[in-house]
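Below: one structure, written as structure tokens.
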There are 2 protein chains.
Amino acid sequence: MKRLTLYLREVERRLSQGESRVSSRQLGQGLGVTDTQIRKDLSWFGQFGQAGVGYAIEDLATRLRQILGKDRTWKTALVGAGRLGQAIMSYGPFAREGFEIAAVFDADPSLIGTEVGGRRIRRLDELDQIVREREIMLGIISVPKEAAQSTAERLIEAGVLGILNFAPVRLEVADRASVVSVDFSARLEQLAFQVSLGLKGSIDGDD
Amino acid sequence: MKRLTLYLREVERRLSQGESRVSSRQLGQGLGVTDTQIRKDLSWFGQFGQAGVGYAIEDLATRLRQILGKDRTWKTALVGAGRLGQAIMSYGPFAREGFEIAAVFDADPSLIGTEVGGRRIRRLDELDQIVREREIMLGIISVPKEAAQSTAERLIEAGVLGILNFAPVRLEVADRASVVSVDFSARLEQLAFQVSLGLKGSIDGDD
DNA sequence: CTTTGTGAAATTATTCACAGCA
DNA sequence: TGCTGTGAATAATTTCACAAAG
């Protein structure tokens with residue numbers, strides 16, 4: 001459920017501000033979600049709150065972290081160290097939220113061996129070995145779209161269970177892994193579409 | 001409708017391969033969408049196809065471009081020329097798909113005046129004037145999350161109608177503009193969630 | 001009086017089934 | 001036969017309404 005990640009973010013923000021309780025209505029306020037929606041979503045995972053009082057923020061955060069698999073560190077391999085790859089490497093939130101970029105690969109010989117943000121860029125043909133050795137479970141694909149499918153296969157072959165795909169193509173992985181895509185162009189197009197329709201307001205918190 | 005952008009992409013791919021007709025089933029094949037879904041989606045905008053034959057790819061492309069507002073060039077202001085901003089500037093698909101980055105702004109004095117990818121980086125306080133002068137209609141926000149809301153307001157103030165937001169916060173714009181967000185962390189978290197649930201398969205083509 | 005958790009109702013999205021056309 | 005367009009059926013999601021609890 002894509003809203004859960006938003007809830008956790010907001011709950012952690014409030015936690016860091018020293019708040020200790022929150023109601024579903026308060027939680028939804030800054031998130032553009034109704035209180036009922038939040039309660040329904042949470043109820044899927046059991047009972048968290050206390051009627052008349054609300055939710056204990058710390059408990060809720062802990063529980064959400066468990067549900068979302070954020071109670072551990074996810075080792076991640078980044079494939080593609082071009083500008084986008086570099087932006088991803090230096091993207092603060094990843095590191096802070098339990099995602100460790102444990103290795104970086106690229107096909108371009110001129111990049112191999114260089115360091116970006118303190119990380120050495122490795123040859124693509126080391127991928128299999130290193131992913132296995134370090135027990136890397138997730139892959140991030142920031143290669144040109146032509147190379148995306150083969151990169152995905154390589155990652156899956158090496159044992160990766162999930163892929164975050166930045167290439168504007170649909171990856172064919174059958175049921176060998178989970179794939180989540182981030183598609184800049186598609187989003188910009190959606191924006192243009194909405195503007196030409198004259199729609200206003202915020203769409204999607206993720207998404 | 002977020003699938004429309006996928007349809008256009010696939011239609012253009014086929015067009016560039018010299019195909020002239022396509023059925024809804026063929027179109028959906030590589031997209032993970034059912035044929036019925038495609039027909040339903042398209043039917044919202046009128047009748048395109050020919051029973052028994054399918055869709056004339058060129059007509060369909062033209063029509064989709066109109067619907068999605070891709071029959072013109074969208075001038076865009078990029079705010080935030082850090083690594084992510086630079087990745088966006090050099091992201092091929094944008095330029096190719098009718099989005100022109102007409103100006104780039106940043107708050108960091110050490111970046112002002114430098115050129116990245118042939119584009120001069122400007123002071124933030126020139127934003128208003130330049131957006132008006134050049135009739136820029138869209139804004140891309142790739143600034144740190146603390147600065148995102150104020151950047152959004154500045155862009156809207158200057159007359160921008162739509163914002164593509166890369167900061168992991170919800171922008172409060174009331175009904176003064178359309179906002180579409182791209183949230184890396186949220187997506188990566190979703191991926192981790194799915195992997196910990198053991199779900200497999202591709203999620204979202206855009207999204 | 002406030003707020004949760006949850007069935008029931010309403011709404012929205014997707015799929016089915018098929019008439020009609022080439 | 002192969003295919004579109006669409007009303008009807010089904011499924012999924014969201015909202016409503018309210019009993020129970022602090």
Side-chain angles (χ1 to χ4, degrees), chain A residues 1-8 10-11 14 19-64 67 190 193-194 197 199 201-207, chain B residues 1-8 10-11 14 19-64 67 190 193-194 197 199 201-207:
Chain A
M1 187 86 71
K2 107 178 89 179
R3 283 186 300 266
L4 288 179
T5 68
L6 292 182
Y7 300 165
L8 176 55
E10 175 70 4
V11 164
R14 285 169 181 270
E19 298 177 35
S20 64
R21 293 184 189 294
V22 67
S23 72
S24 53
R25 179 187 296 254
Q26 292 171 312
L27 197 51
Q29 211 91 78
L31 250 31
V33 179
T34 64
D35 53 340
T36 318
Q37 181 93 78
I38 289 179
R39 294 201 300 276
K40 250 304 196 265
D41 288 345
L42 293 179
S43 75
W44 221 93
F45 300 95
Q47 302 186 185
F48 296 82
Q50 219 174 346
V53 177
Y55 300 89
I57 288 194
E58 197 155 344
D59 288 358
L60 186 53
T62 306
R63 201 72 190 77
L64 282 174
I67 292 168
Q190 258 174 60
F193 178 39
Q194 283 170 33
L197 251 56
L199 300 178
S202 197
I203 308 286
D204 212 4
D206 51 291
D207 145 315
Chain B
M1 188 84 73
K2 108 180 89 177
R3 284 187 299 266
L4 287 178
T5 68
L6 292 182
Y7 300 165
L8 176 55
E10 175 70 5
V11 164
R14 285 170 181 271
E19 298 177 35
S20 64
R21 292 184 190 293
V22 67
S23 72
S24 52
R25 179 188 295 255
Q26 292 171 311
L27 197 52
Q29 211 90 78
L31 250 31
V33 179
T34 65
D35 53 340
T36 318
Q37 181 92 79
I38 289 179
R39 295 201 299 276
K40 252 296 198 274
D41 288 344
L42 293 179
S43 75
W44 222 93
F45 300 94
Q47 301 186 184
F48 296 82
Q50 218 175 346
V53 177
Y55 299 89
I57 287 194
E58 196 156 345
D59 288 358
L60 185 53
T62 306
R63 201 69 190 78
L64 282 174
I67 292 168
Q190 257 174 62
F193 179 39
Q194 282 170 33
L197 252 55
L199 300 178
S202 198
I203 308 287
D204 212 6
D206 58 289
D207 11 333

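Heavy atoms only: backbone and side chains are in, while hydrogens, waters and symmetry mates are out. Letters A, B, ... are given to chains in the order of the sequence lines, protein chains preceding strands, and every chain is numbered from 1.
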Each nucleotide N or O in nucleotides 9-11 of chain D that has a protein N or O under 3.5 Å away: list the pair and distance.
none

Are any protein N/O atoms closer than 3.5 Å to N/O atoms in nucleotides 19-22 of chain D? If there are, list each pair with its distance.
unit_1 : atom_1 : unit_2 : atom_2 : d
D/dG22 : O4'    : A/A51  : O      : 3.1

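A/D35 is not listed as a side-chain neighbour of A/L27, based on a closest heavy-atom distance of 4.5 Å or more. With contacts defined as side-chain heavy-atom distances shorter than 4.5 Å, the pair A/L4/A/L8 does not qualify. The side-chain heavy atoms of A/R39 and A/T36, taken from C-beta on, include a pair separated by under 4.5 Å. Side-chain contact between A/R14 and A/Q26 is present, with at least one heavy-atom pair separated by less than 4.5 Å. With contacts defined as side-chain heavy-atom distances shorter than 4.5 Å, the pair A/R63/A/F48 qualifies. When side chains are defined from C-beta on, A/Y55 counts as touching A/S24, because their heavy atoms get closer than 4.5 Å.
Think of the region where chain A sits on DNA chain C: with heavy atoms and a 4.0 Å cut, that region ends 5' and 3' at C/dT2 to C/dA8.
Atom OG of A/S23 sits about 8.0 Å away from atom CD of A/Q29, to the nearest 0.5 Å. A distance of 10.5 Å separates OG1 of A/T34 from NZ of A/K40, quoted to the nearest 0.5 Å. Taken to the nearest 0.5 Å, the CG atom of A/L42 stands 10.5 Å off from the CD atom of A/Q37. Taken from CD in A/Q190 to CE in B/M1, the straight-line distance is 11.0 Å, to the nearest 0.5 Å.
If you check residues 37-47 of chain A against DNA chain C, the residues with a heavy atom closer than 4.0 Å are A/R39, A/K40, A/S43, A/Q47, listed by number. Taken residue by residue, residues 22-33 of chain B places no heavy atom nearer than 4.0 Å to DNA chain C.
Listed by chain and residue number, nothing satisfies the salt bridge (charged side-chain N to carboxylate O under 4.0 Å, His left out) test with B/D59 (two or more places apart in sequence, or in another chain).
Remark: side-chain polar atoms of A/E10 are not paired, donor with acceptor, to backbone N or O of A/Y7 under 3.5 angstrom.
For D/dG2, the OP1/OP2 oxygens have no side-chain nitrogen or oxygen of B/Y55 closer than 4.0 Å.
Among the candidates A/T62, A/L64, A/L6, the single residue satisfying the side-chain contact (heavy atoms from CB on, under 4.5 Å) test with A/V11 is A/L64.
Residue A/R3 is in sugar-phosphate contact alone, with no base atom involved, counting any heavy-atom pair closer than 4.0 Å across all strands shown.
In the displayed structure, B/E19 atom CD is contacted under 6.0 Å by more than 12 heavy atoms of other residues, nucleotides or ligands.
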